[in-house]
Amino acid sequence: MKQFLKKTPQKRRIIIVLCVIGGVLFFGRGLLSPHPSLEDVPEEVDFNDIEEEDIVWTCSMHPQVRKPEPGTCPLCEMDLIPVEADELDLEENQIAVSEEAKALADIQVTPVKRKSVEKEVPFFGEVTYDETLVKHISADVEGRIEDLIIAYTGSHVRKGDPLFEVYSPSLISAQEELLQAQKRGVDLSEGDLSATAESALEAARQRLRWWGVTEDQIEKIEETREIIERLTLKSPIEGTVVEKKKSEGDYIDQGEVVYTVADLTQVWVTLEAYESDLPWIRYGQEMQFTADQALPGEHHTGIISFVDPIVQRDRRTARVRANISNPDRTLKPGMFVRGQVKSTLNADGKAAFPGHLEGAWISPLYPEVIREEPGECPKSGVPLEPAEALGYISDDSPKNIEPLLIPVQAPLITGKRAIVYVKLADKDQPVYEGREIELGPRAGEYYVVLSGLEEGEQVVHRGNFKLDSELQIDGRISMMSPAEEEEMPRETVWEVEEEFQHQLHDIVEGYTG
């Protein structure tokens, strides 16, 4: 002490500062380390040495911490909670928390329930021709167009209206043959035709029929014995001329198209449905649409009669078609339309079958033909078939069972896997089990569950990621660690020839010396 006092004031100050620093480092170590390291965690209790009535104290947030007496958690300093030894025997995908930890983590659950869910599927597309009501008007005989009666597209024609007149030398020759056959076969005494003459006359008539000459025109030729120099071709249907390919004076070959006529009293609305919306679309559903640009404020309704089985690769859409009655012709081909379908799902995650198809009979070639009783298709003559036989409705489908639903926040989705945490009902304290489930389509704020859950089970919809994170820290089954992982082989054995082994041995020996 005397030596310390004899030192100069400057040296004394240096020694005092060093002592203070050393004291702080020694006594303040615990203060500077609020969270002890994992090395300070006591060893786990061996359950084999604990009686059934013994109590084990553990941390609700760190289940790996276990003590035979109360205290605080060395990792988070939370109070330890008492549990029986058998309660800690959890599966690899289960986690237990206290009521206090549950409140701090804000863990909330909701029951799995069956509920009717509806979704509006949007469409976009255009009005097109009904392809079954489009006819090509062609010449049945070669010749020259003398008079084009319908001279422009957009003209409305009725069935039987004249379209154009054609001059054909072949047609004139056929008419002359008809008159000669008629002249040669007349019996001057009785005025009747012989059998041979009748056969020749009928052959001449048939030739004119093939070339488009009507029965009335043939009778007129036979009565007046005058040749028709120009053949008038008439419209076979009522409709609108949507295409004109020839002009007056043009030469045409037999079968060459002159007009295209479409009946616009019924049209198609062809829409594009996204690939992800296809589970919500089914034949026979009712569809609403509008043509906002051309007909603002007008709403139209149709029935889906066709869903394209092929998805377009470049657009990732499939065509959906509805047959629309258009008696006043307000819907015109080429109009842009927007539509929607209100669809409900079955328990199998697919669109519900339309109820009006139950017991219906449908044409296999024209699905828009729907009848209440069996019969023949008026368009094709093919017998109608039950809707069940064509796959438009099925008795085996759970059409009357509502789907299982969970909130969209409940599943943790990683690639093809979906994990939910289910609160176990047979536990005294909150215990949650991670479970892999199969999801169906999303419907607004819900997911459809196809398998893995039962109605009434409680799933975590808030705080589930915190539970999963704790399992990840413990290295147990979690969202990122599936129950069954393929182990990578640690070593690979290659079978090589003995000569190669000697060569490899010489190389190793030369390298190692």
**Student:** Please name the residue in the list D147, I228, L148 that meets the side-chain contact (heavy atoms from CB on, under 4.5 Å) test with E165.
**Tutor:**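 Looking at D147, I228, L148, the match for E165 under the side-chain contact (heavy atoms from CB on, under 4.5 Å) is D147.
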**Student:** Rounded at 0.5 Å granularity, tell me how far CG in D308 sits from CZ in F306.
**Tutor:**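 It comes to 4.5 Å.
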**Student:** Tell me whether the count of non-hydrogen atoms from other residues, nucleotides or ligands lying under 6.0 Å of CD in Q108 goes above 12.
**Tutor:** yes
**Student:** Do E243 and H136 have side-chain atoms, one donor and one acceptor, less than 3.5 Å apart?
**Tutor:**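 No - no donor-acceptor pair under 3.5 Å links their side chains.
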**Student:** Does a donor on one side chain sit under 3.5 Å from an acceptor on the other, for E275 and T317?
**Tutor:**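 T317 and E275 do not have a side-chain donor-acceptor pair below 3.5 Å.
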**Student:** Any salt bridge between E146 and R230, counting N to O under 4.0 Å?
**Tutor:** yes
**Student:** Any sub-3.5 Å donor-acceptor pair from K244's side-chain atoms to V241's backbone N or O?
**Tutor:**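 Such a contact is absent between K244 side chain and V241 backbone.
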**Student:** Just say parallel, tilted or perpendicular for the rings of Y259 and F164, cut-offs at 30° and 60°.
**Tutor:** tilted
**Student:** Going by atom types only, do Q206 and R209 share a side-chain donor-acceptor pair under 3.5 Å?
**Tutor:** yes
**Student:** Between K220 and E223, does at least one N-O distance fall below 4.0 Å, as a salt bridge requires?
**Tutor:** no
**Student:** In terms of side-chain heavy atoms, does Q288 have a donor or acceptor partner in E286 at a distance below 3.5 Å?
**Tutor:**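 Distance-only check passes for Q288 and E286.
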**Student:** Looking only at non-hydrogen atoms, find the nearest pair between T265 and D263 and report the distance.
**Tutor:**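 Heavy-atom minimum between the residues: OG1-OD1, 2.7 Å.
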**Student:** Count the heavy atoms of every other residue, nucleotide or ligand shown that sit under 6.0 Å from OH of Y274, and state whether that count exceeds 12.
**Tutor:** no
**Student:** Taking the six-membered ring of W361, is NZ or CZ of R371 closer than 6.0 Å to its centre and within 45° of its axis?
**Tutor:**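 No, R371 does not sit over the ring of W361.
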**Student:** Do the side chains of F336 and E126 get nearer than 4.5 Å, heavy atoms only?
**Tutor:** no
**Student:** Do the side chain of K466 and the main chain of A105 share a donor and acceptor less than 3.5 angstrom apart?
**Tutor:** yes
**Student:** Are side-chain heavy atoms of Q266 and D130 found at a separation under 4.5 Å?
**Tutor:**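 Q266 reaches D130 side chain to side chain.
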**Student:** Is the shortest side-chain heavy-atom distance between I252 and I145 below 4.5 Å?
**Tutor:** yes
**Student:** Yes or no on side chain to side chain contact (heavy atoms under 4.5 Å, CB included) for Q285 and I303, after CA distance, side-chain angles and deciding distance?
**Tutor:** CA-CA 6 Å; Q285 289 176 326; I303 302 296; over 6 Å; no
**Student:** About how many Å separate CG of L208 and CZ of R205, when rounded to the nearest 0.5 Å?
**Tutor:** 10.0 Å
**Student:** What pairs of residues pass the salt bridge (charged side-chain N to carboxylate O under 4.0 Å, His left out) test when at least one of them lies in residues 449-459, not counting sequence neighbours?
**Tutor:**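 Qualifying pairs, neighbours excluded: R114-E455, R435-E457.
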**Student:** Decide side chain to side chain contact (heavy atoms under 4.5 Å, CB included) for V121 and Q340; before the verdict, give the C-alpha distance in whole Å, the side-chain angles of both, and the deciding distance to 0.1 Å.
**Tutor:** CA-CA 5 Å; V121 183; Q340 63 180 10; over 6 Å; no
**Student:** One thing to verify: whether R144 and D250 come together as a salt bridge, which I'm taking to mean a side-chain N less than 4.0 angstrom from a carboxylate O.
**Tutor:**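 Looking at D250 and R144, the cut-off is not met.
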**Student:** Between I221 and L179, which heavy-atom pair has the shortest distance, and what is it?
**Tutor:**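 Smallest interatomic distance, heavy atoms only, reads O-CD2, 3.7 Å.
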**Student:** With rounding to the nearest 0.5 angstrom, report the CE to OG distance, M287 to S305.
**Tutor:**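 One gets 8.5 Å once the value is rounded to the nearest 0.5 Å.
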**Student:** Closest heavy-atom contact between G444 and R442?
**Tutor:**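 G444 and R442 have their closest heavy atoms at O-NE, 2.8 Å.
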**Student:** Less than 4.5 Å apart, any side-chain heavy atom of Y432 and any of K102?
**Tutor:**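 A side-chain contact exists here, since the closest heavy-atom pair is under 4.5 Å.
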**Student:** Determine whether V341 and I304 satisfy the following criterion, side chain to side chain contact (heavy atoms under 4.5 Å, CB included), listing intermediate values before the conclusion.
**Tutor:** CA-CA 9 Å; V341 168; I304 294 179; 3.9 Å; yes
**Student:** For F124, is the CZ atom crowded, meaning more than 12 foreign heavy atoms sit under 6.0 Å from it?
**Tutor:** yes
**Student:** For V459, which of N464, V422, I437, V109 qualifies under side-chain contact (heavy atoms from CB on, under 4.5 Å)?
**Tutor:**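 Among the candidates, only V422 passes.
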**Student:** Just verifying a value: how many Å separate T128 OG1 and R319 CZ, rounded to the nearest 0.5 Å?
**Tutor:**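 One finds 9.0 Å between OG1 of T128 and CZ of R319.
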**Student:** In plain terms, say whether R417 and E436 are close enough for a salt bridge, that is, a side-chain N and a carboxylate O under 4.0 Å apart.
**Tutor:**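 So R417 pairs with E436 through a salt bridge.
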**Student:** Quick one: list whatever passes side chain to side chain donor-acceptor pair (under 3.5 Å) with S235, sequence neighbours left out.
**Tutor:**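 Side chain to side chain donor-acceptor pair (under 3.5 Å) check on S235 returns nothing, list empty.
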**Student:** Can you see which heavy atom on T330 is nearest to which on L295, and at what distance?
**Tutor:**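 Minimum heavy-atom separation between T330 and L295: O-CD1, 3.8 Å.
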**Student:** Provide the full list of salt bridge (charged side-chain N to carboxylate O under 4.0 Å, His left out) pairs with a residue in residues 253-262, sequence neighbours left out, each pair given once.
**Tutor:** K246-E256
**Student:** Decide side chain to side chain contact (heavy atoms under 4.5 Å, CB included) for Q312 and R315; before the verdict, give the C-alpha distance in whole Å, the side-chain angles of both, and the deciding distance to 0.1 Å.
**Tutor:** CA-CA 6 Å; Q312 300 182 42; R315 302 170 63 89; 3.4 Å; yes
**Student:** May I ask you to test the V141-L231 pair for a side-chain heavy-atom distance under 4.5 Å?
**Tutor:** yes
**Student:** With a 4.5 Å cut-off on side-chain heavy atoms, are P403 and L405 touching?
**Tutor:**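 The answer is yes, as the side chains (C-beta and beyond) meet within the 4.5 Å cut-off.
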**Student:** With a cut-off of 6.0 Å (strictly less than), are more than 12 heavy atoms of other residues, nucleotides or ligands near NZ of K379?
**Tutor:**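 Enclosed: over 12 neighbouring heavy atoms sit under 6.0 Å from NZ of K379.
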**Student:** Less than 4.5 Å apart, any side-chain heavy atom of S363 and any of S380?
**Tutor:**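 When only atoms from C-beta onward are counted, S380 and S363 do touch, with a gap below 4.5 Å.
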**Student:** Which value, rounded to the nearest 0.5 Å, describes the distance between L471 atom CG and I95 atom CD1?
**Tutor:** 5.0 Å
**Student:** Could you report the tightest heavy-atom contact between T301 and I324, atom names first, then the distance?
**Tutor:**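 In terms of heavy atoms, the two residues are closest at O-CD1, 3.9 Å.
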**Student:** For T290 and E298, test the side chains for any donor-to-acceptor distance below 3.5 angstrom and give the result as yes or no.
**Tutor:**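 No, E298 and T290 have no side-chain donor paired with an acceptor closer than 3.5 Å.
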**Student:** Kindly give the heavy-atom pair with the smallest separation between A139 and L233, and that separation in Å.
**Tutor:**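 That closest heavy-atom pairing would be CA-CD2, 3.8 Å.
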**Student:** Measuring from atom CD1 of I218 to atom CG of L201, what distance do you get when rounded to the nearest 0.5 angstrom?
**Tutor:**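 Rounded to the nearest 0.5 Å, the CD1-CG separation comes to 9.5 Å.
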**Student:** Do L384 and P374 have side-chain heavy atoms sitting under 4.5 Å apart?
**Tutor:**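 Heavy-atom side-chain distance check fails, nothing below 4.5 Å.
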